[in-house]
Amino acid sequence: MYLTKQEEQMFDGEQGTAVQLAMELLTKVGDIYGADQMLPIASAHTVMTPYRDILDAGVEICEKFAGYGGKYAVPTTLDPAGMDLQRWRDLKIPEEYAEKQMRIVRAQEQLGGIQVWTCTPYLHGNIPRPGQDLGWSESSAVIFANSVMGARTNRLTAVVDMAAGIAGRVPKFGLHLAKNRQGQALVKIQVDPKSITDSDYPTIGYFVGKQVDEKIPVLTGLPRTVSTDQLKNMGAAMAASGSVALYHIPGVTPEATTRERPVEKGEWEDTIELGMQELQQTQEEEMSTIRDGPVDFIAVGCPHYSPMEMRKLAMLLKDKKIHNNTTFWVYVSNYVEMLAKRAGYSRIIKASGAQILTETCMLVSPTHIYGFKTLMTDSGKCACYGPALCNTEVIYGSLEACVKTAIQGAFQ
Ligand code: F3S
């Protein structure tokens, strides 16, 4: 791989051991994928954050980079931690687990990570422009950055994301190259656009991810009025049920500016149709493991809720009471919690008996320790991973259905 003079110095350790280690790792990744040079990046986002996922080895890696004097060379935001960093004692997180989590927090502080502790960095100041190269991990954030913002990042893995932040570079391959960003599978959504609801978007994402796996889908038939939150939630599901890192919607996303095919030549590798029947089947048979009975855990906010989603939740929960046998947790960043508090949403949500948890989520914190039996969620990503990571049955439904279930204590 060609390295500039400065990059050679970094590789040789002239800018310290942390940078040297980062460059070694990045050049190895580049060699594997046939990259011929490094690209400077505008920002990084790292998942080296929840103890539940990165375990002791991850703690040691964070501390090693920090101990060698490493500092992020570009703005680097942090994904959720493995527990609510303020209320972990109230939530009965084991001391030993919390102690390891706090070691990660301290190491990331030393490295200069921007402590948003959220999977929605694009709502928290790490806002890329179209065409900018990034070094991001977190599948839901990566697909949003590529598709909705038109920035360029591969789905980096843990550790490689930290290395990218420390070196301020990534190897040039994959989605950094325009030729690799063209649509491959045409998805025709054959549902009346006016009838598509919030809860259909994660379902569409889930269905498409399963069908296309790693290919780049081009979705037609969605309304041009699709909201940022709907795109966020659809992409997260698509990146969870498949390995999708980029989608196009002609007339909506920046790299598909016309209603024509956003590729220059050749045939579609796949053409997929999605109608009402597939939507319903996906929601009921694939995103849910059961479809009735008591529900003891409702978890929403995956990806972390935006202020608009907190508003909607507050409106639904106003003057309602959550059933005694049901725990209702909503996950947000500290920043969104602050906005929700100022707007009065938090007061309404908490008055219902629901709790707002910050800086973590249902899948990266040890929710399995509570022994919940049935999880209900409005998140396609959570529906995908919930059974394994929360050790529960799962029911997928709209936020309206989650609230109704929370009040009744059961899904009917
Ligand atoms: Fe975010 Fe956790 Fe979901 S990191 S995308 S809320 S699994």
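Nothing here was measured: the structure is a model prediction, and the numbers come from that model. Because only heavy atoms are used, hydrogens play no part in the values below, and waters and symmetry mates are left out as well, while side chains stay in.
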Using salt bridge (Lys or Arg N to Asp or Glu O under 4.0 Å) as the criterion, list what pairs up with [X], not counting sequence neighbours.
X      : answer
Arg291 : none
Glu278 : none
Asp213 : none

Return yes if some donor-acceptor pair links the side-chain N/O of [X] with the main-chain N/O of [Y] below 3.5 Å, else return no.
X      : Y      : value
Asp133 : Ala42  : no
His304 : Thr360 : yes
Thr120 : Leu123 : no
Ser379 : Lys381 : yes

Can you name the residues that form a ring-ring contact (aromatic ring centres under 6.0 Å, His included) with Phe144, not counting sequence neighbours? Tyr122

Can you pull out every side chain to side chain donor-acceptor pair (under 3.5 Å) where at least one residue sits in residues 321-333? Sequence neighbours excluded, please.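 Residue pairs with at least one partner in residues 321-333: His124-Ser333.
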
Over 60° means perpendicular and under 30° means parallel, so tell me whether Tyr370 and Phe372 are parallel, tilted or perpendicular. tilted

Please identify which of these residues, Arg181, Gln182, His248, meets the side-chain hydrogen bond (donor to acceptor under 3.5 Å, both in side chains) condition with Glu255. Arg181

Going through the distances and angles, do Thr76 and Thr46 end up as a side chain to side chain contact (heavy atoms under 4.5 Å, CB included)? CA-CA 7 Å; Thr76 299; Thr46 177; 4.1 Å; yes

Please output the side-chain donor-acceptor pairs of residues 340-354 that fall under 3.5 Å, not counting sequence neighbours, one pair per line with the distance.
from: Ser346; atom 1: OG; to: Lys341; atom 2: N; distance (Å): 3.2
from: Ser352; atom 1: OG; to: Ile349; atom 2: O; distance (Å): 2.6
from: Ser352; atom 1: OG; to: Ala354; atom 2: N; distance (Å): 3.2

Return the CD1 to CE distance between Ile166 and Met10, rounded to the nearest 0.5 Å.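 Answer rounded to 0.5 Å: 10.0 Å.
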
